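Only a predicted model underlies this, so the values are computations on that prediction, with no experimental measurement involved. Sequence lines set the chain letters: A, B, ... in the order given, protein chains first and strands last, and positions in each chain run from 1.
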Protein chains: 2
Amino acid sequence: MTKRSTSKPASAAPTRRLSQELVIDAALAHIDRSGPHGLTMRSLAQDLGVEAMALYRYVHGKEDLLEGVVNRLMGDLTAELDEELAEHWQGFLQMFAHRVRRIAIEHPKAFPLVATRHPAAPWLRPPLRSVEVVETLLSTLVQQGFSDQQAVTTYRLFSSFLLGQLLLESSVRGADTGPVEEPLDEGDATIPHADGELTLDDAPEVLRLRPLLSEDRSDEEFEISLEALLDRLDRELSQ
Amino acid sequence: MTKRSTSKPASAAPTRRLSQELVIDAALAHIDRSGPHGLTMRSLAQDLGVEAMALYRYVHGKEDLLEGVVNRLMGDLTAELDEELAEHWQGFLQMFAHRVRRIAIEHPKAFPLVATRHPAAPWLRPPLRSVEVVETLLSTLVQQGFSDQQAVTTYRLFSSFLLGQLLLESSVRGADTGPVEEPLDEGDATIPHADGELTLDDAPEVLRLRPLLSEDRSDEEFEISLEALLDRLDRELSQ
DNA sequence: GCCGTCGGTTTACAACGTAAACCACAGTAG
DNA sequence: CTACTGTGGTTTACGTTGTAAACCGACGGC
């Protein structure tokens with residue numbers, strides 16, 4: 001109604017009763033299409049066909065809302081784990097990794113939040129942010145013969161791996177799924193800032209390898225790297 | 001002068017002439033102590049003993065300023081590389097990795113910006129965000145016998161590794177170097193939100209391993225993981 | 001002397017997060 | 001049936017943000 005043109009995909013007021021779950025879901029949906037930057041209390045409210053202040057019945061504030069969103073995202077990570085796979089730590093970790101990756105892929109714009117948002121406890125490393133998840137992971141590992149130290153280290157290695165890989169991946173996916181973010185102005189000053197099409201003169205190698213560079217190998221790369229990590233763990237375990 | 005109490009460490013107006021460099025440096029310093037969230041055009045201006053709008057002579061806007069900051073951070077990555085080390089790709093990558101790590105450690109609060117801020121080109125993966133850096137990296141690799149594909153993959157693996165490792169590391173370091181961020185209120189609603197001291201009942205394993213978990217092994221872990229990555233690359237190279 | 005241009009300030013505004021007061025209704029108690 | 005109270009939502013309001021636009025003083029060249 002105002003003048004924003006940035007995608008208000010109808011659904012003006014389909015629901016007649018709010019709830020925290022509903023709010024958070026709407027928030028996630030909104031982020032999915034316009035990025036975290038595009039999420040505003042008012043715009044979200046409008047999505048729900050309601051006034052901004054109404055949201056405050058269900059969330060403490062924006063910060064809290066975002067917290068809710070990442071919980072929503074990473075929440076059902078421990079849900080219904082396949083007992084079969086969980087029997088060997090390799091399969092277990094693999095399954096876990098793929099679950100997280102699926103989330104990152106389904107919500108490329110939202111996933112970075114998981115990384116940014118600092119966790120409740122310093123030893124809760126993104127993207128495995130809930131005590132529940134860490135608990136199942138650690139207990140499973142220890143239960144399968146990992147020493148305490150090994151379990152913890154594995155947890156650390158595993159999370160760095162996931163974070164690095166998926167953050168990067170979701171960043172590129174999030175970009176081409178509609179870079180609705182910051183159109184911003186043109187014009188320049190004395191700033192070295194990003195040129196319209198990037199100066200890759202005197203960068204012959206980059207120029208030459210450009211097709212290779214823009215290729216999307218994320219699937220195989222993830223698989224391979226994960227495999228490498230597991231191998232490495234396996235080696236360190238038996239040694 | 002207003003009423004902010006959040007650390008204005010003197011230095012009211014030591015300089016009589018502004019410059020883009022100066023502005024960006026001040027911004028970085030400000031972020032270093034209060035986090036990106038605490039950086040405000042007005043507060044930054046005040047640090048420089050000047051009015052907010054003055055900054056716009058040197059930066060296009062806040063977004064641009066942040067861009068400048070990350071460039072400043074990652075800028076001199078290619079400066080004066082040790083020819084000795086660059087003779088073997090292993091030493092080369094190692095040196096690179098340590099340089100980046102040093103930056104992440106010296107600016108824990110600022111480093112996440114490097115990850116968040118999306119790069120000019122999609123194939124420019126954080127934290128190696130400048131064409132220059134990527135150019136030297138790629139050319140060095142190719143020049144030492146890497147195939148094109150191998151060079152590119154190495155670049156990818158290397159950046160994921162750095163990003164995951166250092167983002168996590170800087171996040172914990174940034175936290176205990178003064179969590180000036182979002183003190184926010186107390187009180188609750190129907191929200192699952194982080195309890196004051198986190199409920200780790202029914203998380204016996206986490207509870208038990210807590211000392212292990214909060215231990216800081218980042219130094220060795222980085223070294224070891226880097227080593228592992230290099231080994232893996234070496235293996236894939238010869239095979 | 002006058003005149004741009006450069007560096008900074010003043011003023012202004014729209015958009016944001018959110019506190020506080022307000023209102024409309026639905027149950028329920030009497 | 002009426003009065004009371006809590007619950008869900010709106011209105012109004014305020015402070016803080018980023019930034020556009022107009023303004024202004026000093027200073028160097030003609």
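Take A:Glu21 and apply the side chain to side chain donor-acceptor pair (under 3.5 Å) test, not counting sequence neighbours, and it matches no residue.
Checked against C:dT9, D:dT19, C:dT18, the side chain of A:Lys62 finds its nearest nucleotide in C:dT18. When distances are taken from the side chain of A:Met53 to each of C:dT10, C:dG8, C:dA19, the shortest belongs to C:dA19.
A:Glu51 places its CD atom 16 Å from the P atom of C:dC23, with the value rounded to the nearest Å. The nearest whole Å value for the distance from the CG atom in A:Leu66 to the C1' atom in C:dC16 is 14 Å. Across the protein-nucleic acid pair, B:Leu65 atom CG and D:dT17 atom C1' stand 15 Å apart, rounded to whole Å. Rounded to a whole Å, the CZ atom of B:Arg57 is 7 Å from the C1' atom of C:dG8. If you measure from atom CD of B:Gln46 to atom C1' of C:dT9, you get 15 Å, rounded to the nearest angstrom. One can place CG of A:Leu48 at 15 Å from C1' of D:dT10, the figure rounded to the nearest angstrom. Distance, A:Gln20 CD to D:dG9 P: 14 Å, rounded to whole Å. Atoms CZ (B:Arg42) and P (C:dA12) sit 14 Å apart, rounded to a whole Å.
Salt-bridge annotation for A:Arg101 and A:Glu169: present, with a side-chain N of the basic residue lying under 4.0 Å from a carboxylate O of the acidic one.
Applying the 4.0 Å criterion to OP1 and OP2 of C:dG17, one finds that A:Thr40 has a side-chain N or O inside that range. Between A:Tyr56 and C:dA20 there is no side-chain N or O to OP1 or OP2 distance below 4.0 Å.
Annotation for A:Glu205: atom CD counts as buried by contact number, over 12 foreign heavy atoms lying within 6.0 Å. Environment of CD in B:Glu135: crowded, with over 12 heavy atoms of neighbouring residues, nucleotides or ligands closer than 6.0 Å.
Across the interface with DNA chain C, nearest-nucleotide mapping of B:Leu55 and A:Met41 shows B:Leu55 to be the residue nearer the 5′ end.
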